[in-house]
Amino acid sequence: MRSVEAVDESGPSRTEQTVQRLKRRPAAREAVLVRSGGHCENPGCAGQPSDLTDSGQPILEVDHIVELAAGGRDHPEQMVALCPNCHAVKTRGRSRESLRSVLLDVAARRHKDLTREDAPQA
């Protein structure tokens, strides 16, 4: 193992690159947060769903179940609010594929229920 003293002190090398960022709709993100009611939307969440940030907001991350770069849609039916632990499992965990399947069902059902409630009554 190299000692700290043996580390190159000239600093990191840099490369130039061009990045394309997919445009996201803030209204879609907001709709997911409203729909979540401040709670992680993973039905199997074992985290601390009642904890809050210093500003009193729920600790949630809005995530696309199928990544935009992989053809996912920027629409609440394909997005969920997750606590940081569930987000990490969905993104990097061994069970991510089965969790994604569950989350797609949850997001679609909850979005449908929400839009049904918001629909004008005849």
Quick one, D113 with R110, criterion salt bridge (charged side-chain N to carboxylate O under 4.0 Å, His left out). Give me CA distance, side-chain angles, the key distance, then yes/no. CA-CA 5 Å; D113 290 347; R110 294 191 74 183; over 6 Å; no

N42 versus L103, closest heavy-atom pair with distance: CA-CD2, 3.9 Å

Under 3.5 Å: donor-acceptor pair, side chain of R96, backbone of G93: yes

Are E41 and K90 within salt-bridge range, i.e. N to O under 4.0 Å? no

Heavy-atom nearest pair, L68 first then R73, reads CD2-C, 3.7 Å

Atom pair SG/CG of C45 and L82 - distance to nearest 0.5 Å: 8.5 Å

Please say yes or no: joined through hydrophobic side-chain contacts below 4.5 Å, possibly via intermediate residues, are V80 and V62 part of one cluster? no

Donor-acceptor pair, distance only, cut-off 3.5 Å: does the side chain of S95 make one with the backbone of L99? no

Would you compute the distance between atom CD of E61 and atom SG of C40 and round it to the nearest 0.5 angstrom? 9.5 Å

Enclosure of R24 CZ (heavy-atom neighbours >12, cutoff 6.0 Å): no

Separation of H75 NE2 from H64 NE2 (nearest 0.5 Å): 11.0 Å

Can you hop from I65 to L60 via hydrophobic side chains spaced under 4.5 Å? no

With a 4.5 Å heavy-atom cut-off, do H39 and P58 have their side chains touching? no

Given the rule that I, L, V, M, F, W and Y join up when any side-chain heavy atoms are under 4.5 Å apart, are L33 and M79 in one cluster? yes

State whether the side chain of T91 and the backbone N or O of A88 hold a donor-acceptor pair below 3.5 Å, judged by distance alone. no

Give me the atom names and distance for the closest heavy-atom approach of R35 to P76. NH1-O, 2.8 Å

Taking all atoms of both residues into account, what is the closest heavy-atom pair of A28 and D74, and its distance? CB-O, 3.9 Å

Count the heavy atoms belonging to other residues, nucleotides or ligands that lie under 6.0 Å from CZ of R29, then report whether that count exceeds 12. no

